[in-house]
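Structure record follows, encoded as structure tokens.
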Amino acid sequence: MSLVDTDLRSVQEARILLEHAEESREVLEGLPGTLVDGFLEALRKRLLPHAASYAQLAVDESDYGNAEDEQALIEWVLTELLDDVYAQMPTQELYSRSTTHSVEVGISKGTVVSLLPDWLCVPTMLSQLVCAVASKSPIIFSARQRTHATCKAVIEDVRHVAAECHYPLDALTYLELYAPEGEEWLAAQPAVRVLIDSRECEHIHVADTTGKDVYCASIGNNPVFVEQTADLALCAEEVVYGKSFCCGMLPGAEQSVVVEQAVDEAFKTELKRRGCYFLSDEECQRLYHVCFREDGRTYRELIGKSACDLARRANIAVPASTRVLVAEKPYVSERSFFSRTKYGPVLSYYVEENWRDACEKCIELILNSGLGNALSIFSRDGEVVRQFVLKKPVGRILVNVGTGMGATGCHSTLPKTLTVTGWESATTSNLGVTYRDFIRRRQVGCSLESSDLSLLEEAGLNRVPDRKIVAHMTEQQPATEVASQDNTWFASLLKNMTD
């Protein structure tokens, strides 16, 4: 029987992939924009029909989440997120900003390494892939054994499309011989300019991050404040949908609700109407002891399970329509699981006498784990909204939008992303990983002489950049009809949920 040093082979493969990625950078710089655009559109057309099979493959292999919801996210990435990225500044093209009369050019940061999560791996991979292609950045993916086969199957399909579109294959690679040592070696190399670690609370440790942009993604300990002037029905709809989507595993998913006492009972009624089950103290203890370790960590096999499944395992009788389990608590505790991030459809519920006390409670919750990615406030009082926006230690504040759908940009004006970073969990940014994190902006200046300004025109200055991809729409479609399709993905989901 021969012994195989998987760790050494993994390091060797990682070294080869990185060498090829670095060699592909010069090729990517010379690619015409039309080829990149064509490749992105080909990815949309070829991968969209396989969204359901990708999602089912991921759920079957990982045993996390919900295939229907993951399919919806894959479709969103290949439509709305791709459109959003495609409308951004392309690399190696000059832009004039009419408001400041300045000129900028976007330059790729360089080779990207992405460590994929064990849940929602396919939409996460595709969202980062789109950004890498649009920015002409080589990217190397790696996934652990729990989703390794799924991610490998997806990247193989992507590479087939790339070959047909004459896109360099060395710029889109995957660490097939997985071992922690291979990933650690890859992440530590100075040639890697961007490292995206989506492994939640098990982030890789990089001793030296000099010259490297590091992003550590997480769901986050995200609170929602419900003020007495809020639209309670809208708030309940947003919170329940965001927390139950993909069994509570959506980046930025709601973790706690802080309610002003004046609307406590009315809001509970709205939550119950939408499938929330409020646990008794004894049921909370039963859920804790069955599903979580003594130190508060979740058992890996109980991540991403439905509310009914968790209740059954804890011997709690709940209606079949239950979508979220709610634990009402009087205070925040560092030792309590319910005060931290919960990897499933479990929501903590706090009641405060007024909005000022609620403000302090939200800060407690955010700082309790150091992983506050987003906060949502439902209110019609401008002063209350102002105080929350100014004082909360998070990178994203959502107003009258839930953190689950809002933090990712699915149902808000925020940039679209499935890689959400926290206030204290990234060395580079707490605003998540979007297309802008794959490029550097270079400012270009010249004298005020008309001849020099004309020279920039000759250099390829684009006065009105507009690259929004609309190939999937008919050219005869009026502009008003195109605009009416904004947020179509989320609107259709809500309609299906309420039917």
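FYI, side chains are in, hydrogens and waters are out, and symmetry mates aren't considered; it's all heavy atoms of this structure. Throughout, residue positions are numbered sequentially from 1 according to the sequence presented.
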Residues [X], [Y]: salt bridge by 4.0 Å N-O rule:
X: E301; Y: R146; answer: yes
X: R144; Y: D118; answer: yes
X: E352; Y: K361; answer: yes
X: D83; Y: K416; answer: no
X: D264; Y: K268; answer: yes
X: D213; Y: K109; answer: yes
X: E283; Y: R286; answer: no
X: R199; Y: E183; answer: yes

Counting N and O atoms only, with roles assigned by atom type, does the side chain of [X] sit under 3.5 Å from a partner on the main chain of [Y], one being a donor and the other an acceptor?
X: D63; Y: D60; result: no
X: T322; Y: V318; result: no
X: T403; Y: G252; result: yes
X: T417; Y: V433; result: yes
X: T269; Y: E265; result: yes
X: D69; Y: C246; result: yes
X: Q71; Y: A55; result: no
X: S376; Y: V401; result: yes
X: E61; Y: T150; result: yes
X: K243; Y: E238; result: no

Closest non-hydrogen atom pair between [X] and [Y], with its separation:
X: S137; Y: V112; answer: CB-CG2, 4.2 Å
X: N400; Y: S379; answer: OD1-N, 3.0 Å
X: C121; Y: L116; answer: O-CD2, 4.3 Å
X: A236; Y: E270; answer: CB-CB, 3.7 Å
X: L48; Y: L78; answer: N-CD1, 3.8 Å
X: N221; Y: S256; answer: OD1-OG, 4.4 Å

If you define the side chain from C-beta out and look only at heavy atoms, does anything of [X] sit under 4.5 Å from [Y]?
X: L375; Y: N222; answer: no
X: Y349; Y: L271; answer: yes
X: C276; Y: V240; answer: yes
X: F267; Y: C235; answer: yes
X: I74; Y: L126; answer: yes
X: L390; Y: R386; answer: yes
X: I139; Y: T111; answer: no
X: R436; Y: R441; answer: yes

Spacing of [X] atom [atom1] and [Y] atom [atom2] [to the nearest 0.5 Å]:
X: E282; Y: L287; atom1: CD; atom2: CG; value: 11.0 Å
X: S412; Y: L398; atom1: OG; atom2: CG; value: 5.5 Å
X: Q387; Y: D381; atom1: CD; atom2: CG; value: 10.0 Å
X: L250; Y: L418; atom1: CG; atom2: CG; value: 7.5 Å
X: D357; Y: C362; atom1: CG; atom2: SG; value: 11.0 Å
X: T147; Y: Y64; atom1: OG1; atom2: OH; value: 10.0 Å

Show, in sequence, the C-alpha distance, side-chain angles and deciding distance for F378 and F225, and conclude whether the ring-ring contact (aromatic ring centres under 6.0 Å, His included) test is met.
CA-CA 6 Å; F378 285 81; F225 171 54; 9.7 Å; no

Can you list everything that forms a side chain to side chain donor-acceptor pair (under 3.5 Å) with S114? Sequence neighbours excluded, please.
Q128

Contacts of R313 meeting side chain to side chain donor-acceptor pair (under 3.5 Å) (sequence neighbours excluded), chain-then-number -> D309

Given ring-ring contact (aromatic ring centres under 6.0 Å, His included), test Y174 with H148 step by step and report yes or no.
CA-CA 10 Å; Y174 181 70; H148 194 270; 5.1 Å; yes

Chi angles and distances behind the side chain to side chain donor-acceptor pair (under 3.5 Å) call for N373, T421
CA-CA 6 Å; N373 292 350; T421 54; over 6 Å; no

Pair V226-V257, side-chain contact (heavy atoms from CB on, under 4.5 Å): steps then yes or no
CA-CA 7 Å; V226 185; V257 176; 3.9 Å; yes

Could you go through the side chain to side chain donor-acceptor pair (under 3.5 Å) check for Y435 and D84 one step at a time?
CA-CA 9 Å; Y435 170 77; D84 188 63; over 6 Å; no

Residues, nucleotides or ligands: over 12 heavy atoms within 6.0 Å of R312 CZ:
yes

When you look at CD of E68, are more than 12 heavy atoms from neighbouring residues, nucleotides or ligands closer to it than 6.0 Å?
no

Would you please classify the geometry between the Y288 ring and the F338 ring as parallel, tilted or perpendicular, with 30° and 60° separating the classes?
tilted

Quiz question: by atom type and distance under 3.5 Å, do the side chains of D437 and Y215 form a donor-acceptor pair?
yes

Report the C-alpha distance between Y350 and E328 in whole Å, list the side-chain angles of each, state the deciding distance to 0.1 Å, and finish with yes or no for side-chain contact (heavy atoms from CB on, under 4.5 Å).
CA-CA 6 Å; Y350 303 89; E328 186 169 2; over 6 Å; no

Validate the cation-pi geometry between K272 and Y277: distance from NZ or CZ to the six-membered ring centre under 6.0 Å, angle to the ring axis within 45°.
no

Do you know which of K329, K342, Q255 makes side chain to side chain donor-acceptor pair (under 3.5 Å) with S348?
K342

Evaluate the side-chain contact (heavy atoms from CB on, under 4.5 Å) criterion for residues F39 and L172: first the C-alpha distance (whole Å), next the side-chain angles of each, then the deciding distance (0.1 Å), finally the verdict.
CA-CA 12 Å; F39 178 40; L172 302 171; 3.7 Å; yes

Determine, stepwise, if the pair T124 / S198 fulfils side chain to side chain donor-acceptor pair (under 3.5 Å).
CA-CA 9 Å; T124 300; S198 303; 5.8 Å; no

Determine whether V420 and R396 satisfy the following criterion, side-chain contact (heavy atoms from CB on, under 4.5 Å), listing intermediate values before the conclusion.
CA-CA 10 Å; V420 180; R396 300 167 189 79; 3.4 Å; yes

